[in-house]
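In the text below, chain A, chain B and the rest are named by the order of the sequence lines, each starting its count at 1. Side chains are part of it too, since the values below use all heavy atoms of this structure and drop only hydrogens, waters and symmetry mates.
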Amino acid sequence: MTETRIERHHYDVVVIGAGGAGLRAAIEARLAGKKTAIISKSLFGKAHTVMAEGGAAAAMGNVNSRDNWQVHFRDTMRGGKFLNNFRMAELHAKESPQRIWELETYGALFDRTKDGKISQRNFGGHEYPRLAHVGDRTGLELIRTLQQKIVSLQQEDKRDHGDYEARIKVFSETTITELLLDGDRVAGAFGYFRESGDFVLFEAPAVVLATGGVGRSYKVTSNSWEYTGDGHALALRAGATLINMEFLQFHPTGMVWPPSVKGILVTESVRGDGGVLKNSEGTRFMFDYVPDVFRKQYADNEDEADRWYKDPDNNRRPPELLPRDEVARAINSEVKAGRGTPAGGVFLDIASRLPAEEIRRRLPSMYHQFKELADVDITKEPMEVGPTCHYVMGGVEVDPDSGAAYGTVRGLFAAGEVSGGMHGSNRLGGNSLSDLLVFGKRAGGHAASYADQLTSRPAVSVAAVEAAVETALAPLQRDTGESPYVLQQDLQAVMGDLVGIIRREGELVDALRRLAELRERVAKVSAAGGRRYNPGWHLALDLRNMLVVSECTAKAALERQESRGGHTREDHPAMDPKWRRVNLVCALDGDTVRLTRKPLPKMRSELISLFDRGELAKYLTDEELAEFDALTEEER
Amino acid sequence: MGTDNTQAAGKPGAKRPFRIWRGDENGGELRDYTVEVNEGEVVLDVIHRLQATDAPDLACRWNCKAGKCGSCSMEINGKPRLSCMTRMSTFEEGETVTVTPLRTFPVIRDLVTDVSFNYEKARETPAFAPPADVAPGDYRMQQVDVERSQEFRKCIECFLCQNVCHVIRDHEENKQAFSGPRFFIRAAELDMHPLDAKTDRKEYAQSEMGLGFCNITKCCTEVCPEHIKITDNGIIPMKERVVDRRYDPLVWLGSKIFRRGQVPQTSVTSGHSSGAVTASGAHGGAHSHAGGSHDTAAERQAQQGVNWHREVPHPTAPAVDVNGKLPLTELTFDRAAAPSPFGDDVTFPLPPEHLNFAHPQQDEPKH
Ligand SMILES: Cc1cc2nc3c(=O)[nH]c(=O)nc-3n(C[C@H](O)[C@H](O)[C@H](O)COP(=O)(O)OP(=O)(O)OC[C@H]3O[C@@H](n4cnc5c(N)ncnc54)[C@H](O)[C@@H]3O)c2cc1C
Ligand code: SF4
Ligand code: SF4
Ligand code: FES
């Protein structure tokens, strides 16, 4: 390397990630008057959020007026098996409706009810119809709306300052590889432009991570190339901590056939609209898998389940609408028992349940996608589906109110999928999109006020930048190492086979050993070609992030000896109330992942009183129950 | 789920020939590859396999692999498509599949083009104007009233419509004044929004976005992967009210086309027998509207999709003058605009036998 040009920018708030969480955070920071940059690995408007189909959960009560934030809170906690950070679940349930209504003022056009309000649909785990939606492209509507709001802010700036980019600028196709610190304070972010391979340095006192998830470490996943856990790894390296990394959501119904579309999701609304799951023997098997905790809400026979679609107040719900981890596990058991399809899935049948016209109207893009991609007509034949790695509940441990990262770093905030705690051990469908908005806004706002109250701007050290340049260029300068694609495949095999949906101690130990081997190989990876738009090089740089995040997942999965939500241990199949009181926290000690146990914050009394004792008994320890009894005694 | 090994039905992959444009803004070439293709795969799968094997640095954009994000736009056998939605089974076995970048935008590298034009236009399009006296949460709209706008909000910003629109595809200089079909439907969407407070969307589209340049060839509608009726439901209603009130550049443009159109349309010599076609100057050749309503045969074909069963053509070189240079200025050129980088005698969509890509700034002589 003869010379390295580094473009420098100064901002007040740098938001890494242009999905729902990042854009909402950036809007808030800009509205607070901060000079804001948005950075994204792909083009503006292409982030993962675009793929969300089902909808955004918010207790607006438009369809069933009995819905309110308390019910939503309860559903969220139940879905997360009470491991959620209660404060985040509370804020989320309370603020989601405002965040959705706000989108309308930005120009969003949700589907409507008869009286002209935002329509809401049923979804797994939600007691009432709660998901604001637009056909089956809600994520697209959300991201486009936020994108267009940013444009409108830029138009304001153009009017006031003569420059669209005076106060908010989007850096698309730009990847951040390192956060830079000044002592324990965030000082900036370093990365490269994908297009040119040139380096860029953002100097900023406050950084919001909104980088999404980690699914790319798995073989069958609904996630795109962007999901390499960059934000998780950046946070770790900056001294922040991750929690709940053992909890990954496997979407129950990803396509398993044909192979090219493996991993593409079949939205849950197919089930919400009447689709049923059948095994290769034609049995509607979900009735056999209703866990005791859900018996009261879910039907145990087909007649009642079918009546529910017309009369939800007097019937229990069909078991196809159980939380997704239950559905995923049920499918997995059916396949393991030899009742799966040849491709290793089960059938999802809507064709025999609704008229073709109705299916096309309700699920237009699903219909389209299957027709065009797989030549399958979902109005005529069932789909072949199976569990697919979809969402990571774990993430940066944050202060629930501000989104500020815990650990030793200041000035770092996180929101969206990259943050942890909100969803506990399992996320309800539709809760993510509203999570992005609620906590995106909070993180953006708090990042802005953090930047405001600083008396001195942290400075970026030259040595740190030089080190970052060196790390980034290393794979290009080596030609002896392995191809990044091979390493990625090996990593995916380890995670998919050994740290997948059903886990065992022996396999997890094996996984950790293999990850350690991979770490050596990844350290020596080499990428062919030059710096301009070179996907091999980009992947080589992503690998180290994928690796460290995978280590966190494997370690935490080995440690947690129980099954809960998105973590299933075959050798510890039951949920254990003692484990409910524990969060597993990952931090980086030099190069190695260090795992510690941390007690879960205790729910405030007015929140815990929202639940019946009978329900709590399934989750809480005797000690906690006694406390609860004392509390209710007092109130009487 | 470990479904990988259990797939009984997947035939072991056959080797299939591919030609992929490799290069950057300084030029490049179509390179031949032979790649394994498995049953049920799409073009993007094949590109990924190439990246993992022969061409680790092959640049292409993608995200969702499900036709939802609009990242993976490219031209496949000359036809603008989403590569994640183009099934390999639509090609003949043994047929060479030629993959080239979008033509209307400058190449960055390989299959990646600089689409920043579209983001600039997005930024110039006035945003939603919320009604002043309606509080958040009080918006009331009927489903029938939002549906018209919702159709346009299906847009995934793949920019395929922008890529085929002849107004900018053939005339780089129009980019300044012309926002393109993607943004006409954005304007239409807001015009039809029941609560949008801005009342001059149509006039604005006419005066500032270059709506008048559009002569309703419908090429944009034909390529839209979301099947948005860009012209019928978006552009035409936007034109309707303003066209009589305003000076419409289309009239002016149309008269020019007519004059040049005096020369009967020369059918382009078929390429596959004579090797690389060097377009000899740009005389004749009526201005084409990219498979629009002017050529019924072409239109029919566009509607049926491309005929994939045909011999693979040789690449077409750009139209150059006697000095081997692209005629660039209006003074030396026989038309009132910069030439199409593909030669002005090339009509779009290309006749099937011409479906290959040659980079405009290609300075290396070709095979
Ligand atoms: C197929 C699918 C369907 C879904 N359906 C639903 C649903 O119906 N309802 C629901 O609530 N949720 C759904 N989800 C989940 C939800 O879409 C995601 O959790 C959510 O969109 C994540 O948003 P985000 O803002 O956190 O990140 P994303 O939208 O993923 O954005 C991440 C951003 O970070 C950027 N980035 C990442 N790393 C870097 C880096 N190193 N440098 C710079 N930029 C970087 C990326 O480029 C991207 O812009 C679905 C998810 C998938 C995959
Ligand atoms: S109808 Fe033709 S001219 Fe008009 S925008 Fe579409 S492609 Fe362009
Ligand atoms: S209108 Fe259609 S073709 Fe044009 S950008 Fe949108 S989705 Fe693509
Ligand atoms: S990859 Fe998203 S549309 Fe093709």
Which atom pair, heavy atoms only, marks the closest approach of [X] to [Y]?
X: B:Gln150; Y: A:Val134; answer: NE2-CG1, 3.7 Å
X: A:Gly529; Y: B:Asp57; answer: CA-OD2, 3.9 Å
X: A:Lys114; Y: B:Gln142; answer: O-OE1, 3.1 Å
X: B:Ala59; Y: A:Tyr533; answer: CB-O, 3.2 Å

Heavy-atom proximity to chain B below 4.5 Å, by part of [X]:
X: A:Ser42; answer: side chain
X: A:Thr145; answer: both
X: A:Gln488; answer: neither
X: A:Glu165; answer: side chain
X: A:Asp115; answer: backbone
X: A:Tyr106; answer: backbone
X: A:Arg216; answer: side chain
X: A:Phe110; answer: backbone
X: A:Arg137; answer: side chain
X: A:Tyr164; answer: side chain

Among [options], which residue forms the greatest number of heavy-atom pairs with chain A at distances under 4.5 Å?
options: B:Ala122, B:Ala135, B:Ser71, B:Pro130; result: B:Ser71
options: B:Asp145, B:Leu195, B:Asp114, B:Thr125; result: B:Thr125
options: B:Arg109, B:Lys68, B:Met141; result: B:Met141
options: B:Ala55, B:Cys155, B:Pro194, B:Ala129; result: B:Cys155
options: B:His227, B:Met88, B:Arg61, B:Met85; result: B:Arg61
options: B:Glu147, B:Arg140, B:Glu226; result: B:Arg140

Could you tell me which of [options] has the largest number of non-hydrogen atom pairs under 4.5 Å with chain B?
options: A:Pro535, A:Ser152, A:Gly139, A:Gly536; value: A:Pro535
options: A:Glu104, A:Met60, A:His48; value: A:Glu104
options: A:Glu226, A:Arg194, A:Lys41, A:Gln155; value: A:Gln155
options: A:Phe44, A:Trp101, A:Tyr485; value: A:Tyr485
options: A:Gln489, A:Gln98, A:Glu102, A:Glu173; value: A:Glu173
options: A:His538, A:Lys149, A:Glu53; value: A:Glu53

Got a second to check how far [X]'s [atom1] is from [Y]'s [atom2], nearest 0.5 Å?
X: A:Arg144; Y: B:Arg153; atom1: CZ; atom2: CZ; value: 8.5 Å
X: B:Glu189; Y: A:Leu109; atom1: CD; atom2: CG; value: 6.5 Å
X: A:Gln147; Y: B:Tyr119; atom1: CD; atom2: OH; value: 6.0 Å
X: B:Cys69; Y: A:Leu140; atom1: SG; atom2: CG; value: 10.0 Å
X: B:Leu58; Y: A:Asn534; atom1: CG; atom2: CG; value: 10.0 Å
X: B:Cys158; Y: A:Lys46; atom1: SG; atom2: NZ; value: 7.0 Å

* Would you please test A:Val50 and B:Asn63 for side chain to side chain contact (heavy atoms under 4.5 Å, CB included) and show each step? => CA-CA 10 Å; A:Val50 103; B:Asn63 270 38; over 6 Å; no

Side chain, backbone, both or neither of [X] within contact of chain A (heavy atoms, under 4.5 Å):
X: B:Ala52; result: both
X: B:Val144; result: neither
X: B:Thr53; result: neither
X: B:Arg123; result: both
X: B:Pro131; result: neither
X: B:Ile156; result: both

* Indicate yes or no: does B:Glu124 engage A:Lys158 in a salt bridge with an N to O separation below 4.0 Å. =>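 Looking at A:Lys158 together with B:Glu124, the answer is no, because their closest N to O distance does not fall below 4.0 Å.
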
* Asked: Would you find a donor on one side and an acceptor on the other, under 3.5 Å apart, between the side chain of A:Glu195 and the backbone of B:Ile108?
  ->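 Not a single qualifying donor-acceptor pair exists.
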
* Asked: Is the backbone of B:Val146 close enough, under 3.5 Å, to the side chain of A:Arg112 for a donor and an acceptor to pair up by distance?
  ->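 Looks like no, no N/O pair under 3.5 Å.
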
* Can you name the salt bridge (charged side-chain N to carboxylate O under 4.0 Å, His left out) partners of A:Asp490, sequence neighbours left out? ->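 If we apply the salt bridge (charged side-chain N to carboxylate O under 4.0 Å, His left out) test to A:Asp490, skipping adjacent residues, the hits are A:Arg521.
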
* Summary of ring pair (Phe, Tyr, Trp, His ring centres under 6.0 Å) pairs that have at least one residue in residues 122-142 of chain B, sequence neighbours excluded ->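 Passing the test, one end in residues 122-142 of chain B: B:Phe128-B:His193.
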
